[in-house]
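Here is the structure we will look at.
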Amino acid sequence: MEQTVKELTCIVCPMGCTLKVTMEGKKVLSVSGNSCPRGAKYAETEMTAPTRVLTSTVRVNGGQIPLCPVRTKGAIPKESLFDAMKEVNRITLTAPVHIGEVVLENIAGSGVDLIATREIFKE
C-alpha cells in the first residue's frame, strides 16, 4: 500500500506546531514535528476519527436575554456537526436557565450532552 504524508497545524496548545503525519491507507505510521506527546495524539485522532466541541446559542423564552450560549460537554465526531446543529436550531428554552444545565441529551446520537454555559434569569 502507498504511503502519504499529510501536514497539520496542532491546535492543542498555543505553540501551533507543524505536524507531518505519515499514513498508509487509514493507518498512522508516524507523526513528527510535535513539541509534546499531546501533538502526536492530536494528529492521530485528527487523521483517523476527528472530533470537535460544538459551541452555539439557543433561543430563550421569557429571559433577560433572547439567546443562551451552549456547548457540548465533550467532543463529538466531526461528521455529526451538521446533524447536531439541526437539533440545536430546533431548541427553545424557557427561563430560568442555569450554567451546566443539560439542554439536550445525547446530541446527534453522539453520547454527549449539550449544556448551557450561562445563567439566564427571568425577565
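These figures come from a predicted structure and were not determined experimentally.
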request  = Flag yes if Leu19 and Ile11 sit in one hydrophobic cluster, no otherwise; membership is Ile, Leu, Val, Met, Phe, Trp, Tyr, and two members link when side-chain heavy atoms are under 4.5 Å apart.
outcome  = yes

Nearest non-hydrogen partners of Pro96 and Lys122, listed with the distance = CD-CE, 3.4 Å

ask   = Crowded around Arg59 CZ? As in, over 12 foreign heavy atoms under 6.0 Å?
value = yes

key: Ile107 reachable from Met85 in the ILVMFWY side-chain graph, under 4.5 Å edges   = yes

Polar side-chain atom of Glu119 near backbone of Ile99 as donor-acceptor pair, under 3.5 Å = yes

ask   = So do the side chains of Asn89 and Lys86 get within less than 4.5 Å of each other, counting heavy atoms only?
value = no

query = Does Leu67 share a hydrophobic cluster with Val88, counting links as ILVMFWY side-chain heavy atoms below 4.5 Å and allowing steps through other members?
reply = no

ask   = So which heavy atom on Cys17 is nearest to which on Ser35, and how close?
value = SG-OG, 3.1 Å

ask   = Does any non-hydrogen side-chain atom of Thr48 lie less than 4.5 Å from one of Lys26?
value = no

key: Min side-chain heavy-atom separation Met23-Met47 under 4.5 Å   = yes

ask   = For the atom pair CD1 (Ile120) and CG (Asn61), what is the distance rounded to the nearest 0.5 Å?
value = 12.0 Å

remark   = Applying side-chain hydrogen bond (donor to acceptor under 3.5 Å, both in side chains) to Glu46 and not counting sequence neighbours gives Arg52

message = Is there a side chain to side chain contact (heavy atoms under 4.5 Å, CB included) between Leu114 and Ile91? Walk through the geometry before answering.
response = CA-CA 11 Å; Leu114 185 71; Ile91 298 171; 4.0 Å; yes

task = Indicate if Val60 and Ile65 have the same hydrophobic cluster label, given that clusters are the connected sets of ILVMFWY residues with side-chain heavy-atom separations under 4.5 angstrom.
result = yes

request  = Following the transitive rule for hydrophobic clusters with a side-chain heavy-atom cut-off under 4.5 Å over Ile, Leu, Val, Met, Phe, Trp and Tyr, establish whether Tyr42 and Leu81 coincide in one cluster.
outcome  = no

ask   = Do Ile115 and Glu101 come close enough that some side-chain heavy atom pair is under 4.5 Å?
value = no

Spatial distance of atom SG (Cys36) from atom CE (Met15) [nearest 0.5 Å] = 7.5 Å

request  = Any chance you could lay out the side chain to side chain contact (heavy atoms under 4.5 Å, CB included) test for Leu93 and Val103, step after step, and finish with the verdict?
outcome  = CA-CA 8 Å; Leu93 302 174; Val103 172; 3.8 Å; yes

query = Would you say the side chain of Thr57 lies within less than 4.5 Å of the side chain of Val70, judging by non-hydrogen atoms?
reply = no

query = Where the side chain of Glu87 meets the backbone of Ala108, is there a donor-acceptor pair that is under 3.5 Å apart?
reply = yes

inquiry  = Measuring from atom CG of Leu54 to atom OG of Ser80, what distance do you get when rounded to the nearest 0.5 angstrom?
reply    = 10.5 Å

key: Side-chain heavy atoms of Ser110 within contact of Pro77, under 4.5 Å   = yes

note = What one should report as the nearest heavy-atom pair of Cys68 and Arg118 is SG-O, 3.9 Å

From Leu104, Asn106, Ile76, residue fulfilling side chain to side chain contact (heavy atoms under 4.5 Å, CB included) relative to Val112 = Ile76

